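None of the values given here were measured: they were computed from a predicted structure. Chain letters run A, B, ... following the sequence lines, proteins first and then strands; every chain starts at 1.
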Protein chains: 2
Amino acid sequence: MASPPHLHLSNQLCLALYSAGNALSRAYRPMLEPLDLTYPQYLVMLALWEVDGVSVSDICERTRLDTGTVTPLLKRLAAKGLLVRARSEEDERRRVISLTEAGRALQARAEDVPFRMACLGVLTPEEGIELKRLAETLYRNLARLEQVRGAEGSDVPGLAE
Amino acid sequence: MASPPHLHLSNQLCLALYSAGNALSRAYRPMLEPLDLTYPQYLVMLALWEVDGVSVSDICERTRLDTGTVTPLLKRLAAKGLLVRARSEEDERRRVISLTEAGRALQARAEDVPFRMACLGVLTPEEGIELKRLAETLYRNLARLEQVRGAEGSDVPGLAE
DNA sequence: GATATTTATATTGTGCGCAATATGATTTGA
DNA sequence: TCAAATCATATTGCGCACAATATAAATATC
């Protein structure tokens with residue numbers, strides 16, 4: 001075994017997280033298929049069922065998705081008749097994303113998805129809560145790092161140099 | 001708020017896991033860029049540094065990636081000169097994936113990647129261990145479900161009907 | 001009030017995830 | 001021995017992740 005332990009796949013947190021995340025979206029597939037939604041599309045619909053009439057960037061923030069992902073995704077949802085992508089009247093740069101009647105009606109058919117996921121019994125409630133808590137911590141800390149790294153180039157006037 | 005709590009984004013374990021996983025592979029990017037590797041390519045190289053001269057399906061199992069992902073990925077790694085994709089002599093269906101000298105040499109340059117990731121300090125060691133444990137549990141249970149569902153169609157002779 | 005900067009969204013290109021299907025070699029069974 | 005089933009890998013097609021770039025409107029600066 002020429003490979004040192006810290007390079008072993010079995011020791012990688014990232015692989016555990018990566019494969020679990022992929023497996024989880026695969027698990028959603030059979031439940032979302034009747035709704036004609038992919039998993040990221042489901043996330044966007046969850047966001048809009050909470051609050052709609054919002055901008056693209058608002059959806060990106062709440063779903064934690066990228067604009068390059070969300071823009072074409074919204075187009076596909078619009079093509080299915082679930083939402084409309086209007087222009088804001090005050091600010092012509094902004095899009096205002098609003099659910100259609102069909103989009104709002106779909107919520108009823110998605111109601112039991114979380115319940116059916118829970119019924120798979122892949123985690124105890126305690127495990128689920130703890131896993132969510134740790135994943136949130138990881139996300140939050142990584143997001144903060146990204147912000148710092150991102151701001152590194154754009155110098156603050158008066159502080160740089 | 002027309003949306004019931006179990007449909008709130010803030011209550012979704014899946015979003016926490018999904019966004020944390022994505023953020024984690026983004027965090028690897030600046031470290032893997034000098035090695036000219038993407039994150040999934042890094043996983044495959046980790047697998048090969050442990051054991052090479054193996055089949056495609058062996059790599060798929062150990063990295064938990066799909067054959068449809070791995071085949072073109074291996075072609076790209078071969079194009080970079082990190083490995084060769086030979087045919088097995090005993091079984092012509094099998095590919096035998098072997099590292100080149102350059103592929104083996106790359107391991108030295110990847111040695112400190114796990115250490116540098118740890119230095120980001122996004123999780124305490126205890127949190128990391130617990131998160132990995134829970135993610136492994138989730139993956140294992142979902143994988144078992146997939147096997148059951150997958151076997152549902154292919155009837156066992158003598159038991160079906 | 002013309003120019004520069006910022007902001008919001010869109011576009012493009014590469015790689016990955018994955019289901020479905022194809023190809024082609026091996027093994028099984030009649 | 002020959003046909004059918006199985007197995008390993010490859011291919012195709014669509015959607016997503018994300019960096020880089022573009023566009024175009026709003027705001028700031030001079």
Side-chain angles (χ1 to χ4, degrees), chain A residues 18-30 32-33 36-44 54-61 63-80 85-97 146 149-150 153-155 157, chain B residues 18-30 32-33 36-44 54-61 63-80 85-97 146 149-150 153-155 157:
Chain A
Y18 191 67
S19 56
N22 287 339
L24 194 54
S25 9
R26 274 198 304 277
Y28 270 98
R29 192 175 294 242
L32 296 180
E33 207 160 48
D36 193 25
L37 292 177
T38 65
Y39 174 68
Q41 288 169 7
Y42 172 66
L43 288 181
V44 168
V54 296
S55 66
V56 173
S57 52
D58 176 88
I59 295 174
C60 289
E61 267 184 46
T63 59
R64 301 173 182 174
L65 296 172
D66 190 86
T67 169
T69 300
V70 168
T71 294
L73 191 155
L74 288 174
K75 283 188 186 176
R76 281 186 286 269
L77 291 179
K80 293 177 191 175
R85 303 161 61 241
R87 290 262 180 217
S88 166
E89 301 209 343
E90 314 93 61
D91 188 338
E92 290 264 333
R93 294 169 305 177
R94 288 186 64 177
R95 288 271 186 188
V96 178
I97 311 298
E146 284 176 8
R149 300 245 159 166
S154 68
D155 41 19
Chain B
Y18 191 67
S19 56
N22 286 339
L24 194 55
S25 12
R26 275 199 302 278
Y28 271 97
R29 192 175 295 243
L32 297 180
E33 207 159 50
D36 192 27
L37 291 178
T38 65
Y39 174 67
Q41 288 169 8
Y42 172 65
L43 288 181
V44 168
V54 296
S55 67
V56 173
S57 52
D58 176 88
I59 295 173
C60 289
E61 267 184 47
T63 59
R64 299 173 182 175
L65 295 172
D66 190 86
T67 169
T69 300
V70 168
T71 293
L73 192 156
L74 288 174
K75 284 188 185 176
R76 281 186 286 271
L77 291 179
K80 293 178 191 176
R85 303 164 59 243
R87 288 261 179 219
S88 165
E89 302 210 342
E90 312 93 61
D91 188 338
E92 290 265 334
R93 292 170 305 177
R94 288 186 63 176
R95 288 270 185 188
V96 177
I97 311 298
E146 283 175 10
R149 300 243 157 168
S154 68
D155 41 18

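- The side chain of Tyr18(B) lies closest to dA17(D), out of dA10(D), dT9(C), dA17(D).
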**Report entry** Residues Thr63(A), Tyr18(B); criterion side chain to side chain contact (heavy atoms under 4.5 Å, CB included); working and verdict
**Finding:** CA-CA 10 Å; Thr63(A) 59; Tyr18(B) 191 67; over 6 Å; no
Requested in this report: Assign a letter to each nucleotide of nucleotides 18-25 of chain C from its 5' end: B, base within under 4.0 Å of a protein heavy atom; S, sugar-phosphate only; -, no contact.
Outcome: BS----BB
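- In this structure, Arg85(B) reaches the sugar-phosphate backbone alone: every heavy-atom distance under 4.0 Å involves primed, P, OP1 or OP2 atoms, never a base.
- Atom-to-atom, CZ of Arg94(A) to C1' of dA25(D) comes out at 13 Å; the value is rounded to the nearest Å.
- Considering only side-chain atoms of Thr71(B), the nucleotide from dT9(C), dG17(C), dT11(D) that sits closest is dT11(D).
- Nearest approach of Lys80(B) to Asp36(B), heavy atoms of both residues: NZ-O, 2.7 Å.
- As a whole-Å value, the separation of Leu24(B) CG from dA17(D) C1' is 14 Å.
- In this model, the phosphate group of dG15(C) is not approached by any side-chain N or O of Lys80(B) to a distance below 4.0 Å at OP1 or OP2.
- Residue Lys75(B) places no side-chain N or O under 4.0 Å from the OP1 or OP2 atom of dT9(D).
- Annotation for Val56(B) and Leu74(B): closest pair CG2-CD1, 4.0 Å, computed over non-hydrogen atoms.
- Ser55(B) comes within 4.0 angstrom of sugar-phosphate atoms only, judged by non-hydrogen atoms across all strands, and of no base.
- Rounded to a whole Å, the CZ atom of Arg87(B) is 9 Å from the C1' atom of dA8(D).
- Under the 3.5 Å distance criterion, with hydrogens and angles disregarded, no donor-acceptor pair is assigned to the side chains of Arg94(B) and Ser88(B).
- Following rounding to the nearest Å, Glu61(B) (CD) and dA8(D) (C1') show an atom-to-atom distance of 12 Å.
- Nearest-nucleotide positions on DNA chain C for Val70(B) and Asp58(A) put Asp58(A) closer to the 5' end.
- Where Glu89(A) and Pro72(A) meet DNA chain D, the nucleotide closest to each residue was compared, and Pro72(A) sits on the side nearer the 5' end.
- As rounded to whole Å, 12 Å separates atom C1' of dG15(C) from atom CG of Asp36(B).
- Distance CD (Glu146(B)) to C1' (dG17(C)): 12 Å, rounded to an integer number of Å.
- Going from atom CZ of Arg95(B) over to atom C1' of dC7(D) covers 16 Å, rounded to whole Å.
- Here dG15(C) is the nucleotide among dG15(D), dA10(D), dG15(C) with the atom lying nearest to any side-chain atom of Gln41(B).
- Listed by chain and residue number, Thr69(B) satisfy the side chain to side chain contact (heavy atoms under 4.5 Å, CB included) test with Asp66(B) (two or more places apart in sequence, or in another chain).
- Closest heavy-atom contact between Glu146(A) and Arg26(B): OE2-NE, 2.8 Å.
- Between atom CD1 of residue Ile97(B) and atom CG of residue Asp58(B) there is a gap of 10.0 Å, rounded to the nearest 0.5 Å.
- Look at Ser57(B) and you won't find any side-chain N or O under 4.0 angstrom from OP1 or OP2 of dC7(D).
- Distance CG (Leu37(A)) to P (dG15(D)): 13 Å, rounded to an integer number of Å.
- The aromatic rings of Tyr39(B) and Tyr28(B) are tilted relative to each other, their planes meeting at an angle between 30° and 60°.
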